[in-house]
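Note sheet for the following structure.
Along the sequence shown, residues carry numbers from 1. Fair warning: this is a prediction, and the values are worked out from it, not measured in the lab.
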Amino acid sequence: MTDSELLERMNRFVPPTAELLGQEILEIDSAAGRVKMRFQPVAACCNPMGNVQGGIVVAMLDDAAAFAAIVKSGERIGIPTIELKASFFAPTPAGVPLYAEGRCIKLGKRIAFMEADLTDAAGNLLARLTTSAVPIALNPNANLVERK
């Protein structure tokens, strides 16, 4: 499958959180293990100060990092997180598009190492995540959730 075909497929069959996070994959480079994504979380994702809540920021970054490992694998895999660290550099504004770049640093048979950055439209770094996960094979015939 080409990166263009994979991009179309991954935007059509999405995790249940995709609507909540306003998720769209913009670019895939499977050879490099890299994805670029856009998010626009719903208003319910805000903290009392009106910014995107930190746990929601982590969820966006975790998705970007996981998708990077998935595309690098070239197979249908799950990538359950076993540890992560998030650093927050600025409040994450609500109501505007946010951009994430996920990178798979190393994909092994037993463990994967990834990272992801979240920026605003001007490219200002808002948060960074580093994570590791366990790649697991998924049934290629299992049902996927299709975006409506």
Quiz item: Of all heavy-atom pairs between Pro41 and Ile56, which one has the smallest distance, and what is that distance?
Solution: CB-CG2, 4.4 Å
Exercise. Under the side chain to side chain contact (heavy atoms under 4.5 Å, CB included) rule, what do Phe67 and Gln23 come out as? Steps first, then yes or no, please.
Key: CA-CA 12 Å; Phe67 282 25; Gln23 172 188 299; 3.6 Å; yes
Quiz item: Looking at CZ of Phe39 and CG of Leu98, how far apart are the two atoms once the value is rounded to the nearest 0.5 Å?
Solution: 9.0 Å
Self-check item: Worked verdict on Glu115 versus Thr131 for side chain to side chain contact (heavy atoms under 4.5 Å, CB included)
Solution: CA-CA 6 Å; Glu115 60 186 18; Thr131 185; over 6 Å; no
Quiz item: Looking at residues at least two apart in the chain, or sitting in another chain, which of them share a salt bridge (charged side-chain N to carboxylate O under 4.0 Å, His left out) with Asp117?
Solution: Arg103, Arg128
Practice problem: Establish whether Met114 and Val134 are linked, either directly or via other cluster members, by ILVMFWY side-chain heavy-atom contacts under 4.5 Å. | Solution: no
Quiz item: Under the side-chain contact (heavy atoms from CB on, under 4.5 Å) test, which residues partner Pro91, sequence neighbours left out?
Solution: Asn51
Practice problem: Determine yes or no for a side-chain-to-main-chain donor-acceptor pair under 3.5 angstrom, with Asp3 supplying the side chain and Ser30 the backbone. | Solution: yes
Quiz item: Where is the tightest heavy-atom contact between Asn11 and Val14, given as atom of each residue plus distance?
Solution: O-CG1, 3.4 Å
Quiz item: For Asn124 and Thr119, what are the C-alpha separation, side-chain angles and deciding distance, and is it a side-chain hydrogen bond (donor to acceptor under 3.5 Å, both in side chains)?
Solution: CA-CA 5 Å; Asn124 298 307; Thr119 61; over 6 Å; no
Practice problem: Could you please spell out the steps behind the side chain to side chain contact (heavy atoms under 4.5 Å, CB included) verdict for Val71 and Met10? | Solution: CA-CA 10 Å; Val71 302; Met10 290 182 82; 3.6 Å; yes
Exercise. Give the cluster check for Leu21 versus Leu84: same hydrophobic cluster or not, with ILVMFWY residues linked at side-chain heavy-atom distances below 4.5 Å.
Key: yes
Exercise. Indicate, with yes or no, if Ile105 and Leu107 share a hydrophobic cluster defined by side-chain heavy-atom contacts under 4.5 Å among Ile, Leu, Val, Met, Phe, Trp and Tyr.
Key: no
Quiz item: What pair of heavy atoms forms the shortest contact from Pro135 to Gly108, and how long is it?
Solution: CG-O, 3.5 Å
Quiz item: Does any non-hydrogen side-chain atom of Leu7 lie less than 4.5 Å from one of Ser4?
Solution: no
Quiz item: Is it true that Arg12 and Glu8 make a salt bridge, defined as a side-chain N closer than 4.0 Å to a carboxylate O?
Solution: yes
Practice problem: Only counting residues at least two apart or in another chain, list the ones meeting salt bridge (charged side-chain N to carboxylate O under 4.0 Å, His left out) with Arg38. | Solution: Glu24
Quiz item: Just by modelled atom types, is the Glu5 backbone N or O under 3.5 Å from a matching donor or acceptor in the Thr2 side chain?
Solution: yes
Quiz prompt | Hydrophobic cluster identity match, Leu6 and Ile79, side-chain contacts under 4.5 Å | solution = yes
Quiz prompt | Least distance between heavy atoms, Val57 atom then Val52 atom | solution = CG2-CG1, 3.9 Å
Self-check item: Given Leu26, Leu118, Asp120, Leu126, the one that forms side chain to side chain contact (heavy atoms under 4.5 Å, CB included) with Tyr99
Solution: Leu26
Quiz item: Hey, any chance Val96 and Met60 share a hydrophobic cluster, counting ILVMFWY side chains that come within less than 4.5 Å of each other, even indirectly?
Solution: yes
Quiz prompt | Heavy-atom pair of closest approach, residues Gly55 and Gln53 | solution = N-OE1, 2.7 Å
Exercise. Please report the shortest heavy-atom distance between Lys72 and Ala31, naming the atom on each side.
Key: NZ-O, 3.7 Å
Practice problem: Would you indicate whether the side-chain heavy atoms of Asp62 and Thr81 approach each other to under 4.5 Å? | Solution: yes
Self-check item: Test log, rule side chain to side chain contact (heavy atoms under 4.5 Å, CB included), inputs Phe88 and Val58
Solution: CA-CA 10 Å; Phe88 301 92; Val58 170; 3.8 Å; yes
Quiz item: To the nearest 0.5 Å, what is the distance between CD1 (Ile25) and CZ (Arg9)?
Solution: 11.5 Å
Exercise. Kindly indicate, with the supporting measurements, whether the criterion side-chain hydrogen bond (donor to acceptor under 3.5 Å, both in side chains) is fulfilled by Glu83 and Ser132.
Key: CA-CA 6 Å; Glu83 105 19 83; Ser132 55; 2.9 Å; yes
